[in-house]
Amino acid sequence: MTRFIPANEIEQMVGQVVGSSQWVEITQERVNKFAEATGDFQFIHVDPEKAKLTPFGGTIAHGFLTLSLIPLLTMESDCPRPEGIKMGVNYGGNRTRFLAPVRVGKRVRGHFKLLEMEEKRPGQWQQTMEITVEIEGEDKPALLCEWVSQFFV
């Protein structure tokens, strides 16, 4: 699924949707592990019985869990990657909006639109991607963000 192409060819794709990921299921186990890792044990995430009494009707993923799936969704996508890549790093986010809760048991996938690809210095590229995290069977996405990464080739 991964396709490697020269970074300057990726630069020519600015403005285009460049890929989508496979579906990833949000399980209670994944949510619980995220709660343990972050210390966020709010009942809407980890207590199915209490969460049933909320408008969500059950437990939901942490917004930051959904955001943290970006590397996985990227790796599970058909997005082009720079040929000869030695290392990639997260540089930050320009905008992030959590638009809808992801209920446990649902599946999500990412859609990727290339907003910018710029060579900062020889062999160092900065990419800005608009990422939409779709929830299977729902009209509203879970997340919309602009994510900035740097690649060293």
Side-chain angles (χ1 to χ4, degrees), residues 1-4 10 13-82 85-118 120 124-153:
M1 195 150 148
T2 302
R3 66 188 160 123
F4 292 96
I10 296 173
M13 298 176 179
V14 167
Q16 297 177 31
V17 173
V18 293
S20 295
S21 75
Q22 299 294 315
W23 290 102
V24 173
E25 184 177 358
I26 303 302
T27 64
Q28 189 64 57
E29 179 183 13
R30 185 184 298 263
V31 171
N32 291 346
K33 286 181 177 181
F34 190 83
E36 289 174 24
T38 62
D40 182 352
F41 292 97
Q42 188 176 167
F43 77 93
I44 60 173
H45 305 303
V46 298
D47 188 333
E49 292 307 310
K50 276 187 176 177
K52 281 182 190 174
L53 305 174
T54 71
F56 303 124
T59 50
I60 60 171
H62 305 73
F64 285 122
L65 168 56
T66 305
L67 182 65
S68 74
L69 290 174
I70 287 174
L72 173 63
L73 295 174
T74 301
M75 293 307 297
E76 293 289 323
S77 79
D78 53 358
C79 291
R81 292 179 183 66
I85 189 168
K86 296 176 185 168
M87 176 177 64
V89 295
N90 291 319
Y91 192 67
N94 293 335
R95 294 185 182 98
T96 301
R97 296 293 182 263
F98 301 105
L99 302 172
V102 179
R103 290 171 179 78
V104 167
K106 287 284 193 168
R107 296 190 318 163
V108 297
R109 70 176 168 187
H111 298 285
F112 303 87
K113 180 180 180 180
L114 183 62
L115 299 180
E116 185 176 278
M117 184 75 168
E118 177 184 3
K120 292 302 214 179
Q124 180 182 350
W125 290 82
Q126 183 166 299
Q127 173 183 278
T128 304
M129 194 77 76
E130 178 184 88
I131 303 171
T132 304
V133 178
E134 171 190 11
I135 307 167
E136 188 175 36
E138 297 194 18
D139 294 331
K140 203 171 196 181
L143 171 71
L144 179 62
C145 71
E146 285 184 12
W147 197 253
V148 184
S149 304
Q150 290 195 349
F151 300 101
F152 299 84
V153 295

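Counting begins at 1 with the first residue of the sequence.
With rounding to the nearest 0.5 Å, the separation of CD1 in Ile10 from CZ in Arg81 is 9.0 Å. With rounding to the nearest 0.5 Å, the separation of OG1 in Thr132 from CZ in Phe112 is 9.5 Å. Separation of atoms CD1 (Ile131) and CG (Leu69) is listed at 11.0 Å; rounding is to 0.5 Å. To the nearest 0.5 angstrom, Leu99 atom CG is 8.5 Å from Arg97 atom CZ. The line from CZ of Phe151 to CD of Gln126 is 10.5 Å long, rounded to the nearest 0.5 Å. Atoms CZ and CD1, from Arg109 and Ile135 in turn, are 12.5 Å apart once rounded to the nearest 0.5 Å.
Closest heavy-atom contact between Cys79 and Gly19: SG-CA, 3.9 Å. Scanning both residues, Arg103 and Pro55, for their nearest heavy atoms gives NH2-O, 4.3 Å. Considering all non-hydrogen atoms of both residues, Phe64 and Phe34 come closest at C-CZ, 3.6 Å. Of all non-hydrogen atoms in Pro82 and Val153, the two that sit nearest each other are CB-CG1, 3.8 Å. When every heavy atom of Ala61 is checked against every heavy atom of Val31, the shortest pair comes out as CA-CG2, 3.9 Å. Here the closest non-hydrogen pair linking Thr59 and Phe43 is CG2-O, 4.3 Å.
Under a cut-off of 6.0 angstrom, the local environment of CZ in Phe41 is crowded, with over 12 non-hydrogen atoms contributed by other residues, nucleotides or ligands.
Salt bridge annotation for Lys33-Glu36: absent, with no cationic side-chain nitrogen under 4.0 angstrom from a carboxylate oxygen. One finds a salt bridge joining Glu136 and Arg107 here, because a Lys/Arg side-chain nitrogen approaches an Asp/Glu carboxylate oxygen to under 4.0 Å.
Side-chain contact check for Val89 versus Gln150: some heavy-atom pair is nearer than 4.5 Å. Side-chain contact between His111 and Glu134 is present, with at least one heavy-atom pair separated by less than 4.5 Å. Using a 4.5 Å heavy-atom threshold, the side chains of Val24 and Arg30 count as touching.
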Side chain to side chain contact (heavy atoms under 4.5 Å, CB included) evaluation trace for Asn94 with Thr128 = CA-CA 9 Å; Asn94 293 335; Thr128 304; 3.9 Å; yes
query = Would Val148 and Glu116 satisfy side chain to side chain contact (heavy atoms under 4.5 Å, CB included), going step by step from the backbone distance to the final call?
reply = CA-CA 9 Å; Val148 184; Glu116 185 176 278; over 6 Å; no
key: side chain to side chain contact (heavy atoms under 4.5 Å, CB included) assessment of Ile70 paired with Cys145   = CA-CA 10 Å; Ile70 287 174; Cys145 71; 3.6 Å; yes
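Listed for the Gln28 side chain is a donor-acceptor partner under 3.5 Å among the backbone atoms of His45.
None of Gln16, Gln127, Glu130 except one satisfies the side chain to side chain contact (heavy atoms under 4.5 Å, CB included) rule with Leu115; the exception is Glu130.
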